[in-house]
Amino acid sequence: MMEAQSLALLLGGLIGLALALTGAGGGILAVPLLVFGLGLSVLQAAPVALVAVGLAAALGAGLALREQQLRYRAAGLIGVTGVLAAPVGVWLAHQLPPTPLSLLFAAVLTHVALRMIREARRPADLSRTREQLPCVLNPEQGRLNWTAPCARALMMTGALSGLMSGALGVGGGFVIVPALTRYTNLDQRSIVGTSLGVIALVSAGSVSIAAVSGTLLWPVALPFAAGSGLGILAGRRLAHRISGPQLRQLFGVVSLGAAVSLALKALSA
């Protein structure tokens with residue numbers, strides 16, 4: 001048991017590190033690590049992953065708030081919508097047999113990996129004007145201008161994030177960060193900080209459901225979560241020293257390998 005808990009602590013540290021450095025998709029590797037490292041099924045690994053991802057995201061969001069890099073109103077709207085959608089995702093996960101659920105997770109992970117690799121190879125699109133974005137900062141107040149299109153875009157983002165969180169045990173950063181990049185003119189640090197705030201809220205909702213239903217493996221979840229907290233603290237110290245595009249490309253390649261391995265394992269079961 002001690003060896004399993006030590007391994008869970010180490011694996012959690014890797015997830016916290018990835019989450020701090022990318023802000024998007026770092027938590028999606030938690031489930032494959034738990035499946036291959038500790039022999040859990042996707043259904044068992046999902047809530048354990050969310051405990052770690054949620055704790056790491058909460059730590060990162062708290063630091064971002066202190067540094068005024070967290071748009072808490074936007075995070076609150078996306079997060080509340082995600083919490084409401086998470087139970088639907090949990091219900092869907094329990095309706096699927098283990099093999100289709102694993103293949104679904106592998107498909108989502110493949111999509112995230114390919115998108116990260118593609119985006120790392122091309123420059124960001126900076127050609128859009130403020131008028132083309134539904135959510136823009138008011139330069140005088142330093143806050144987002146709230147409009148119906150802005151609220152609608154953020155709520156749709158939250159709903160998709162919540163479904164993914166409940167069904168697959170992912171924080172949803174791979175949904176939130178691209179959405180904030182597409183719909184807002186926030187800088188990258190604010191996008192990552194706001195994403196971490198949303199992940200913390202959505203993960204808390206999904207973890208609560210798993211805890212109440214008795215499907216959460218606490219002996220694994222606690223050391224895994226502790227490791228993720230240490231990892232995100234270390235990752236924030238390294239974030240300024242590592243090239244963003246190169247990091248995202250490396251993360252994409254690792255994620256793609258994990259997706260292929262998970263699919264092969266599911267098909268051979």
Side-chain angles (χ1 to χ4, degrees), residues 1-60 93 98-99 101-114 116-117 164-174 196 199 203 206-207 210 215-235 238 247-248 250-269:
M1 178 61 73
M2 288 300 296
E3 290 184 1
Q5 291 179 337
S6 299
L7 181 58
L9 182 70
L10 175 62
L11 296 179
L14 295 176
I15 293 305
L17 185 64
L19 194 61
L21 295 176
T22 66
I28 201 171
L29 280 179
V31 170
L33 281 178
L34 289 167
V35 169
F36 290 108
L38 296 176
L40 304 182
S41 68
V42 171
L43 194 61
Q44 291 173 322
V48 172
L50 280 177
V51 173
V53 171
L55 175 62
L59 285 173
T99 297
L101 185 62
S102 296
L103 292 176
L104 175 61
F105 190 97
V108 172
L109 184 54
T110 299
H111 169 73
V112 174
L114 293 176
M116 282 193 166
I117 295 171
M164 291 291 184
S165 173
L168 300 177
V170 296
F174 65 91
L196 291 174
I199 292 170
S203 298
S206 298
V207 167
T215 59
L216 183 56
L217 303 176
W218 287 109
V220 178
L222 292 179
F224 193 68
S228 73
L230 296 174
I232 200 166
L233 292 175
L238 296 173
L247 177 67
R248 291 177 68 82
L250 174 61
F251 184 84
V253 172
V254 172
S255 298
L256 187 58
V260 172
S261 300
L262 189 61
L264 292 175
K265 178 180 175 65
L267 291 172
S268 63

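Applying the side chain to side chain contact (heavy atoms under 4.5 Å, CB included) criterion to Ser41, with sequence neighbours excluded, gives Leu43, Gln44. Applying the side chain to side chain contact (heavy atoms under 4.5 Å, CB included) test to Ala259 and every residue at least two apart in sequence or in another chain returns Leu109, Thr110. Listed by chain and residue number, Leu63 satisfy the side chain to side chain contact (heavy atoms under 4.5 Å, CB included) test with Leu233 (two or more places apart in sequence, or in another chain). In terms of the side chain to side chain contact (heavy atoms under 4.5 Å, CB included) criterion, residue partners of Val51 (sequence neighbours excluded) are, by chain and number, Val207, Leu216, Ala221, Ala225. Listed by chain and residue number, Ser213 satisfy the side-chain hydrogen bond (donor to acceptor under 3.5 Å, both in side chains) test with Thr215 (two or more places apart in sequence, or in another chain).
Between Ala45 and Val35, the closest heavy-atom pair is CB-CG2, 4.4 Å. Gly37 and Leu11 get closest at one heavy-atom pair: CA-CD1, 4.2 Å. Residues Ala113 and Gly252 come closest through the heavy atom pair CB-O, 3.2 Å. Closest non-hydrogen pair, Ala8 versus Leu38, comes out as CB-CD1, 4.0 Å. When all heavy atoms of Ala52 and Phe224 are compared, the pair lying nearest together is CB-CD2, 3.1 Å. Annotation for Leu101 and Ala93: closest pair CD2-O, 4.1 Å, computed over non-hydrogen atoms.
Looking at heavy atoms from C-beta onward, Leu230 lies out of side-chain contact with Leu17 at the 4.5 angstrom threshold. Contact of the Leu103 side chain with the Leu267 side chain is registered, since non-hydrogen atoms from C-beta on lie closer than 4.5 Å.
Here the CD1 atom belonging to Ile15 is positioned 8.5 Å from the OG atom belonging to Ser228, to the nearest 0.5 angstrom. Here the CG atom belonging to Leu40 is positioned 11.0 Å from the CG atom belonging to Leu33, to the nearest 0.5 angstrom.
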Q: I would like to know whether Leu104 and Val42 meet side chain to side chain contact (heavy atoms under 4.5 Å, CB included); could you show each step before the answer?
A: CA-CA 10 Å; Leu104 175 61; Val42 171; over 6 Å; no
(Q) Please evaluate residues Leu29 and Ser255 with respect to the criterion side chain to side chain contact (heavy atoms under 4.5 Å, CB included), reporting the C-alpha separation (whole Å), side-chain torsions for both, the decisive distance (0.1 Å), and the verdict. (A) CA-CA 7 Å; Leu29 280 179; Ser255 298; 4.0 Å; yes
Q: Begin from the C-alpha positions of Val48 and Val31 and carry the test side chain to side chain contact (heavy atoms under 4.5 Å, CB included) through to its verdict.
A: CA-CA 8 Å; Val48 172; Val31 170; over 6 Å; no
